[in-house]
Asker: 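Below is one structure. I have some questions about it.
Every chain is numbered from 1, with letters handed out A, B, ... down the list of sequences.
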Amino acid sequence: LINCADFIAEIGNYLEGEVAEEIRASLEHHLKHCQTCTVLLDSTRKTLKIVTETGSFDLDAAEFAPVAQRIMSKIREGAK
Amino acid sequence: MAFVGDAGWGESFEPLAALREHFGFIPNLFQAQTAAPELIQAEVALLETVLLSSRRLTRIQKECILLTLAAVHGNGYCSAWHYQTLQLLGVPEDKLDKILEDHRAAGLQPVNTALLDFVLTISYDRAPAADEDVAALRASGLADDGTLEAVHVAALSDFLRTLADGLAVQPDFAAPGVQPLRKPRLREGKRTTLHLETAIPARLGGPLDALRSVLAGEAALRGYEKILVQLAVSLANNDANQASFCEGVLLSLHALPDANRLTETETALMDFGSTGRAEVLRQAGFGPAQMVEAVAAAAFAKLLNILYLGVGGGPPVELSGALQSLALRIASKKAHLLTPESRHINEIPDPDSECVAQIQAGKLDAFEELMNRHHRRVYRTLVGILGDPDEARDAMQDTFLKAFQHLDGFEGRSKFSTWLLSIASNAAIQRLRDRKPTESLDETGSDPEEVFRPRQLKAWDDNPEQLYSQTEMRRLIERGIMGLPAKYRVVLMLRDIEQLPVEEAAAAVALRIPAFKARLLRGRLMLREALAPHFVTKRSEGSAKGVPV
């Protein structure tokens, strides 16, 4: 039998589908009885979805262009 | 061999005579080391303890382990040696060929199949022994001391193979005709909790101590130079435990090198340790005796690494800041032959290799193309470590300029993108250190074993992404991630924002995979806590229907 701490320790692997069959069964058994871990799992899954899909920290090409120009001119200077 | 020093001992030298007695001949592997007689003596003692004295496993079982590992690692010298020995011990050639082709289909007894499965796991997959492995061996009828003996034999195999490779020894016999094909399994089992390691000192302690003390001594190489090789091997193998041990020894000798100020000798020794390429040493002007000692030091570190994996890997250890810098420095030079993970990665052609070749040939414009391909990942890596978008933009310039300056030395041993990201992490870590000595990537902070206690336990909205505009959403996530401590932020950026495979992301920050995953989980849970107030469902907010806490 597993407790909430065991469950939390396995959440990452569970979400990525990387737990062995028997561990998964006992995690899912725990979920049936534990509302707290159900919420935790659901919100962690949603966190991952949001984080991977929102496109955070994207540096668009227009922002990078002047940096690239500076770097290229330094490189060309150095090559002369 | 070019540098076999005939030091005039011949067969009157006792350890060599012992070898002739045991094997019926003196293997070239030891002839090649006559420049370092004390080493040979310690190595023969190791062979006598692990291979030649019989305990739970028979000599044939041990030789089968050695043959299988030599063959699967493509080591011609050791394959030929152990194949010949097994024939002399009466095992028919066709049986040996079947084992090489596929040991599971060779009609072996269950215990022997389980033994070979086990040693392949630790020596080829380089995965720590898991409870399930030990259980499988028990189920096949092997007692735990037999399992431990198999660990010792697997470690001996890594030792012998490293010597044979490093010294480029000519085979004593013709190589077997069959070459096995095996794909790494790359599984992360739960480490075994059996603590077999308590039995190591009793069994192997003597020979290991003897080797360690020969390698610590001042001979052709200085003692600390041999420790440096061991440190590089350990870092390249992600063996943080052994690396930290070497660090301790080097610190006590006041000889821990600074990653940014390595001397030529230190560079050569570390490059050799991390890539296994002995020609690096020859090019740097090392003599025969020095090369033998450096190769033996590397072999010893490999042996310790397998012993460590074979007993489940022990508790994870964090690398210090100094070691992280050294690890990042060698990550770019690491040869593909060290781990199955990187070998795997190397099978895929690098999409950037053509651009790199053009730049190396003087066509500078191709560098702009490379920057356009990679500026996003570089930027995210830098933001992840620095936690500050403006500083990340500055660091970007440093990163690309440094990459350009060092591009001549890039030999395509890793993917260009991996190499570039390790330069970026290095640059960012250096800035972090200069700026804020309190926020370090290696401080442990809270005990990693301590259970994380979630506090935000209200149910989330079914479609949280619809609660805010895209821009608001990005701002929330970015603020949440920036609020994490650096060590969690970095792993989260690499894995969830950059979406690198776990193996690559862990390598970029010089963490073992289990340690990386533990940090990632903690980072994700902390981010969930930070985001929760924005996403809880309106139904549960302030109502009695909320989730009981």
Side-chain angles (χ1 to χ4, degrees), chain A residues 2-23 33-80, chain B residues 132 188-190 362 364-365 367-368 371-372 375-376 378-380 383-384 389 392-393 396-397 400-401 404-405 451-454 456-461 463-465 470 473-478 480-481 492-493 496-497 499 502 517-518 520-521 524-525 527-528 531-532 535-536 547-549:
Chain A
I2 63 167
N3 60 28
C4 294
D6 297 331
F7 185 88
I8 293 175
E10 290 293 339
I11 277 191
N13 289 331
Y14 181 78
L15 285 174
E16 300 197 15
E18 283 184 4
V19 288
E21 196 47 50
E22 62 272 22
I23 297 178
H33 302 277
C34 181
Q35 185 64 16
T36 304
C37 285
T38 305
V39 169
L40 196 64
L41 176 70
D42 175 70
S43 51
T44 307
R45 181 184 282 136
K46 285 171 179 160
T47 300
L48 273 182
K49 185 166 185 292
I50 296 170
V51 167
T52 49
E53 289 177 2
T54 310
S56 299
F57 301 111
D58 203 11
L59 186 67
D60 62 39
E63 255 188 295
F64 179 65
V67 182
Q69 287 323 308
R70 262 204 313 280
I71 296 172
M72 285 312 292
S73 64
K74 286 206 178 203
I75 285 174
R76 292 202 181 90
E77 258 170 52
K80 272 176 204 164
Chain B
E132 63 200 67
E188 274 289 323
K190 200 171 158 114
L364 302 186
D365 290 347
F367 194 70
E368 196 163 357
M371 288 199 293
N372 287 332
H375 74 262
R376 286 188 160 84
V378 168
Y379 175 70
R380 289 190 192 124
V383 174
R393 284 193 186 86
M396 232 165 129
Q397 179 164 328
F400 280 120
L401 284 174
F404 180 79
Q405 283 158 9
V451 179
F452 182 79
R453 291 192 193 286
Q456 303 279 352
L457 290 166
K458 288 179 184 161
W460 280 29
D461 193 270
N463 295 299
E465 53 276 75
Q470 178 95 15
M473 203 67 171
R474 270 182 60 167
R475 202 173 302 135
L476 279 175
I477 306 281
E478 291 179 5
I481 294 179
L492 197 112
M493 288 295 286
D496 292 337
I497 301 286
Q499 301 188 15
V502 172
K517 283 187 167 179
L520 180 63
L521 173 63
R524 286 168 171 177
L525 290 173
L527 182 61
R528 190 204 72 93
L531 295 178
F535 296 124
V536 289
V547 177
V549 176

Asker: Could you measure the distance from the NZ atom of B:Lys458 to the OG atom of A:Ser43? Nearest 0.5 Å is fine.
Answerer: 13.0 Å
Asker: Measuring heavy-atom distances to chain A, does B:Ile481 have an atom under 4.5 Å in its side chain, in its backbone, in both, or in neither?
Answerer: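 Just the side chain, heavy atoms under 4.5 Å.
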Asker: Under 4.5 Å, counting heavy-atom pairs only, tell me which of A:Val67, A:Thr38, A:Leu48 racks up the most with chain B.
Answerer: A:Leu48
Asker: Which distance, rounded to the nearest 0.5 Å, do you find between the CD1 of A:Ile50 and the CG of B:Leu476?
Answerer: 8.5 Å
Asker: Spell out, as yes or no, whether a donor-acceptor pair under 3.5 Å connects the side chain of B:Gln397 to the backbone of A:Ile71.
Answerer: no
Asker: Would you compute the distance between atom CG of B:Leu527 and atom OG1 of A:Thr44 and round it to the nearest 0.5 angstrom?
Answerer: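 Rounded to the nearest 0.5 Å, the CG-OG1 separation comes to 9.5 Å.
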Asker: Under 4.5 Å from any heavy atom of chain A, what part of B:Leu364 do you find: side chain, backbone, both or neither?
Answerer: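 Both backbone and side chain of B:Leu364 come within 4.5 Å of chain A.
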Asker: Let me know if A:Ala20 has heavy atoms under 4.5 Å from chain B in its side chain, its backbone, both or neither.
Answerer: neither
Asker: Flag the one option from B:Arg475, B:Gln456, B:Met396 with the top tally of heavy-atom pairs under 4.5 Å to chain A.
Answerer: B:Met396
Asker: Can you name the residues that form a ring-ring contact (aromatic ring centres under 6.0 Å, His included) with B:Phe367, not counting sequence neighbours?
Answerer: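 Result, ring-ring contact (aromatic ring centres under 6.0 Å, His included) vs B:Phe367: B:Phe404.
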Asker: Counting heavy-atom pairs under 4.5 Å with chain B, which one of A:Val51, A:Asp42, A:Asp58 comes out on top?
Answerer: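 Most pairs with chain B among the choices: A:Asp58.
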Asker: Using a strict cut-off of less than 4.0 Å between a Lys/Arg side-chain nitrogen and an Asp/Glu carboxylate oxygen, indicate whether B:Lys517 and A:Glu18 qualify as a salt bridge.
Answerer: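 A salt bridge links B:Lys517 with A:Glu18.
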Asker: If you count heavy-atom pairs under 4.5 Å with chain B, which of A:Leu15, A:Thr54, A:Asn13 comes out on top?
Answerer: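 Heavy-atom pairs under 4.5 Å are most numerous for A:Thr54.
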Asker: What part of A:Leu40 is in contact with chain B, defined as an atom under 4.5 angstrom from a non-hydrogen atom: side chain, backbone, both or neither?
Answerer: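 Interface part for A:Leu40: both.
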Asker: Nearest 0.5 angstrom please: A:Glu53 CD to B:Asp496 CG, how far?
Answerer: 12.0 Å
Asker: Below 4.5 Å, heavy atoms only, C-beta onward: do B:Gln405 and A:Ile75 meet side chain to side chain?
Answerer: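 A side-chain contact under 4.5 Å is absent here.
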Asker: Do A:Leu59 and B:His375 have side chains that get closer than 4.5 Å, going by heavy atoms?
Answerer: yes
Asker: Angle class for the A:Phe64/B:Phe400 ring planes (parallel below 30°, perpendicular above 60°, tilted otherwise)?
Answerer: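 Tilted.
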Asker: Considering non-hydrogen atoms only, spot the tightest contact between B:Leu521 and A:Ala9 and give its length.
Answerer: CD2-O, 3.5 Å
Asker: Is B:Asn463 in contact with chain A via its backbone, its side chain, both, or neither, using a 4.5 Å heavy-atom distance?
Answerer: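 Contact with chain A: none, neither part.
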Asker: Passes side chain to side chain contact (heavy atoms under 4.5 Å, CB included), B:Arg524 versus A:Thr47? Steps please.
Answerer: CA-CA 8 Å; B:Arg524 286 168 171 177; A:Thr47 300; 5.9 Å; no
Asker: If you take all heavy atoms of A:Ser56 and B:Ile497, which pair is closest and at what distance?
Answerer: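 In terms of heavy atoms, the two residues are closest at O-CG2, 4.1 Å.
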Asker: Just by modelled atom types, is the B:Asp461 backbone N or O under 3.5 Å from a matching donor or acceptor in the A:Lys46 side chain?
Answerer: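 Judged by distance alone, yes, a pair lies under 3.5 Å.
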